A.B. asks: 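Pasting in a structure now, in structure tokens, and then I'll have a few things to ask.
Source: prediction; values computed, not measured. Numbers for residues simply follow the sequence, beginning at 1.
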Amino acid sequence: MEFNEILVVEDNETMRLGIVESLKRDGYRPVAFGNGPEALAYFEKRRPGIVISDLKMEPMDGLRLLEEVKRIDEKTEVLLISAYGSIEIAVKAMQLGAADFLTKPFSPDELRIRLRKLAERMEQKRALDFLKAENILLKDELSARYADMIGISRPMQHIFSLIERIAGENSTVLIEGESGTGKELVARAIHQKSPRAEKPFIKVNCGALNDNLLASELFGHEKGAFTGAIKQKKGRFELAHQGTLFLDEIGDISPGMQIQLLRVLQEQQFERVGGEETLSVDVRIISATNKNLQKLMSEGNFREDLYYRLSVIPVKLPSLRERKEDIPRLIEHFLKKLTRGKDDAAKRLSEETLSLLQQYSWPGNIRELENLMERLLVISPAGEIDPQLVARQLGNTPVNFENYDNLPMEEAVYAFEKNLILHALKEAGGVKNRAAKLLGIGTSTLYYKLEKFGLLK
């Protein structure tokens with residue numbers, strides 16, 4: 001694939017020559033044709049990295065040429081140019097893989113800027129492909145070690161590598177992440193790869209118990225310590241001796257319980273509820289929360305000294321919308337898991353259905369995806385899972401292009417993008433970083449677009 005060679009396809013001779021001259025002045029090597037079939041024949045032989053094509057041509061229009069180019073080499077970037085068009089055509093072109101649109105008439109400077117961006121994108125892709133090829137064996141090896149944790153995305157490969165590095169240490173670990181991201185799976189993986197693997201892994205859900213019950217669960221109690229304490233009970237700290245204690249939803253514990261827990265972390269000693277004997281334990285603490293502990297700390301609701309005791313090694317889990325390339329493998333994993341031992345085989349998902357699932361924001365993360373797969377297996381008929389059924393389950397409605405049909409292409413794209421941003425802001429309750437995640441763009445990019453559309457307040 002040649003980045004420097006550009007294939008130009010334009011049936012208007014004046015426009016074609018103008019583009020060619022502009023490209024030559026910028027140091028490119030343009031090869032020009034007046035129709036799609038001739039250009040496609042050349043492309044099959046030489047495979048230039050960039051194609052600039054008019055949209056409306058005979059006998060092969062730009063969309064058909066785009067489709068054929070992508071079929072031959074999906075890495076080729078195609079820039080479509082047109083004097084007219086609708087938002088529906090623009091969306092279809094993007095679905096087929098068009099990299100950009102340019103509306104006639106355009107200046108040489110505008111063409112230069114668009115091509116520079118395309119070249120930068122291609123160079124980034126080339127570098128990423130190289131890294132992927134270089135690391136593929138390592139990724140496969142890491143993934144094989146985490147049967148219950150599915151992921152080939154960069155964020156998950158980072159988590160796998162982090163687990164490998166910290167498992168052998170004895171330091172406390174704080175796992176942060178939204179609900180449904182798999183915090184307990186990470187805690188168990190750290191334990192299983194540690195020298196404590198043969199010892200107990202004990203879990204406590206701190207958010208499900210009041211102070212009295214939580215104290216009894218953590219530290220145990222003596223017979224007669226309170227009504228109903230008919231015999232001595234060992235606490236989770238004792239049960240986890242020489243193993244790992246997983247404190248889930250640590251952000252929900254009260255200030256009083258925070259003080260008790262801090263003492264145990266500092267001294268590795270405690271007394272059972274109602275008891276006087278001081279007990280010593282050797283326990284590694286892994287805690288988890290879906291709350292922002294630093295924010296709670298600044299508000300005076302979480303002790304600073306306890307936070308730093310718990311977060312010697314912080315682990316931040318990505319949300320599912322931050323690792324959407326993992327969705328196909330997760331779906332395959334859940335379908336196999338849910339149909340194991342049953343007569344019916346896992347139902348198929350079409351490309352349209354898979355695309356719909358990858359576009360969804362997944363506020364409930366992996367847990368929501370697994371629950372959806374289970375529900376779809378029950379309510380969908382045999383065979384392929386219908387995308388319309390999935391859309392209804394997700395609460396999605398089809399995009400209405402009628403509002404944009406009578407607008408010129410640039411105006412239609414402008415209005416369509418603005419409305420998408422407004423919708424994301426509404427869904428995110430006005431929180432801009434949340435809206436940016438829903439849109440799949442960086443927060444800085446969102447601020448730029450908000451300013452562009454006059455929406456920045």
Side-chain angles (χ1 to χ4, degrees), residues 70-71 74-75 95 97 125 128-129 131-133 135-164 177-189 192-193 317-396 437-438 440:
K70 286 293 184 179
R71 180 184 59 81
E74 63 178 11
K75 294 181 180 179
Q95 290 174 339
K125 285 183 178 179
L128 184 58
D129 287 344
L131 288 174
K132 284 180 178 178
N135 295 327
I136 191 167
L137 291 177
L138 175 60
K139 286 185 176 183
D140 287 345
E141 181 183 349
L142 286 174
S143 296
R145 298 179 193 171
Y146 297 88
D148 295 325
M149 296 173 65
I150 309 299
I152 59 171
S153 64
R154 183 172 294 182
M156 285 308 296
Q157 294 303 316
H158 170 72
I159 294 298
F160 292 152
S161 297
L162 187 58
I163 291 172
E164 295 288 330
E178 297 176 10
S179 294
T181 50
K183 296 185 286 294
E184 184 177 341
L185 286 177
V186 173
R188 289 185 180 277
Q192 289 166 2
K193 295 177 181 302
L317 285 190
S319 64
L320 186 53
R321 61 185 167 275
E322 294 173 299
R323 42 176 293 217
K324 288 191 173 182
E325 58 266 53
D326 291 331
I327 288 177
R329 287 200 176 194
L330 285 166
I331 290 172
E332 181 183 4
H333 170 74
F334 291 140
L335 289 178
K336 287 181 179 178
K337 173 183 173 183
L338 292 166
T339 56
R340 188 173 298 147
K342 298 181 181 179
D343 293 335
D344 56 323
K347 292 183 172 68
R348 299 185 304 275
L349 273 71
S350 67
E351 289 296 324
E352 183 183 356
T353 302
L354 189 57
S355 175
L356 187 64
L357 291 168
Q358 288 184 292
Q359 291 170 25
Y360 181 59
S361 60
W362 297 108
N365 292 293
I366 300 171
R367 186 179 297 126
E368 182 183 7
L369 175 60
E370 182 173 13
N371 290 342
L372 175 65
M373 289 300 105
E374 184 173 3
R375 187 161 66 252
L376 289 172
L377 284 173
V378 174
I379 66 176
S380 65
E384 194 170 279
I385 294 176
D386 179 42
Q388 297 302 319
L389 175 63
V390 174
R392 290 194 295 274
Q393 293 297 313
L394 297 177
N396 291 354
K437 288 181 178 180
L438 290 175

A.B. asks: Which atoms form the tightest heavy-atom contact between Gly177 and Lys183, and what is the distance?
C.D. replies: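 Residues Gly177 and Lys183, closest heavy atoms: O-NZ, 3.2 Å.
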
A.B. asks: By the definition salt bridge (Lys or Arg N to Asp or Glu O under 4.0 Å), identify the one residue from Arg323, Lys324, Arg329 that meets it with Asp326.
C.D. replies: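 When salt bridge (Lys or Arg N to Asp or Glu O under 4.0 Å) is applied between Asp326 and each of Arg323, Lys324, Arg329, only Arg323 qualifies.
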
A.B. asks: Which atom pair, heavy atoms only, marks the closest approach of Ala189 to Met149?
C.D. replies: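 That would be CB-SD, 4.1 Å.
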
A.B. asks: So, do Ile331 and Gln358 sit near enough that their side-chain heavy atoms are less than 4.5 Å apart?
C.D. replies: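 Heavy-atom side-chain distance check fails, nothing below 4.5 Å.
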
A.B. asks: Taking all non-hydrogen atoms of both residues into account, name the closest pair between Leu357 and Trp362 and its distance.
C.D. replies: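 The pair with the smallest heavy-atom distance is O-NE1, 2.8 Å.
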
A.B. asks: Grab the two heavy atoms, one from Glu322 and one from Pro155, that are nearest each other, plus how far apart they are.
C.D. replies: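 In terms of heavy atoms, the two residues are closest at O-CG, 3.8 Å.
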
A.B. asks: Do the side-chain N and O atoms of Ser161 and Gln157 include a donor-acceptor pair separated by under 3.5 angstrom?
C.D. replies: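 Absent: no donor and acceptor within the cut-off.
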
A.B. asks: Flag the pair Leu369 / Tyr360 as yes when at least one side-chain heavy-atom distance between them is below 4.5 Å, and no otherwise.
C.D. replies: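 No; the side chains remain at least 4.5 Å from each other.
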
A.B. asks: Enter the distance from Glu368:CD to Met373:CE here, rounded to the nearest 0.5 Å.
C.D. replies: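 Between Glu368 CD and Met373 CE, I get 10.0 Å after rounding to 0.5 Å.
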
A.B. asks: Could you give the distance from CG (Leu185) to CD (Gln192), rounded to the nearest 0.5 Å?
C.D. replies: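 Separation between the atoms: 9.0 Å.
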
A.B. asks: Taking side chain as C-beta onward, heavy atoms only, is Lys337 less than 4.5 Å from Glu370?
C.D. replies: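 When only atoms from C-beta onward are counted, Glu370 and Lys337 do touch, with a gap below 4.5 Å.
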
A.B. asks: Are Leu335 and Glu332 packed together at the side-chain level, in the sense that at least one heavy-atom pair is separated by less than 4.5 angstrom?
C.D. replies: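 No, every pair of side-chain atoms sits at 4.5 Å or beyond.
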
A.B. asks: May I ask you to check whether Thr181 and Asn365 show a side-chain donor-acceptor distance below 3.5 Å?
C.D. replies: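 Side chains of Thr181 and Asn365: no pair found under 3.5 Å.
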
A.B. asks: I need the His333 NE2 to Leu330 CG distance, nearest 0.5 Å.
C.D. replies: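 Nearest 0.5 Å value for the NE2-CG distance: 7.5 Å.
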
A.B. asks: Would you please name every residue forming a side-chain hydrogen bond (donor to acceptor under 3.5 Å, both in side chains) with Glu374, sequence neighbours left out?
C.D. replies: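 For Glu374, no residue satisfies side-chain hydrogen bond (donor to acceptor under 3.5 Å, both in side chains) once neighbours in sequence are set aside.
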
A.B. asks: Starting at CD1 of Ile366, measure out to CD of Glu178 and round the result to the nearest 0.5 Å.
C.D. replies: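 The CD atom of Glu178 is 11.0 Å from CD1 of Ile366, to the nearest 0.5 Å.
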
A.B. asks: How long is the straight-line distance from CZ of Arg188 back to CD1 of Ile163, given to the nearest 0.5 Å?
C.D. replies: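 Reported to 0.5 Å precision, the distance equals 13.5 Å.
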
A.B. asks: Do the side chain of Thr353 and the main chain of Val390 share a donor and acceptor less than 3.5 angstrom apart?
C.D. replies: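 Side chain of Thr353 to backbone of Val390, a donor-acceptor pair under 3.5 Å: no, none is there.
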
A.B. asks: Find the distance between CE (Met156) and CG (Leu317) and round it off to the nearest 0.5 Å.
C.D. replies: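 Result: 7.0 Å between the selected atoms.
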
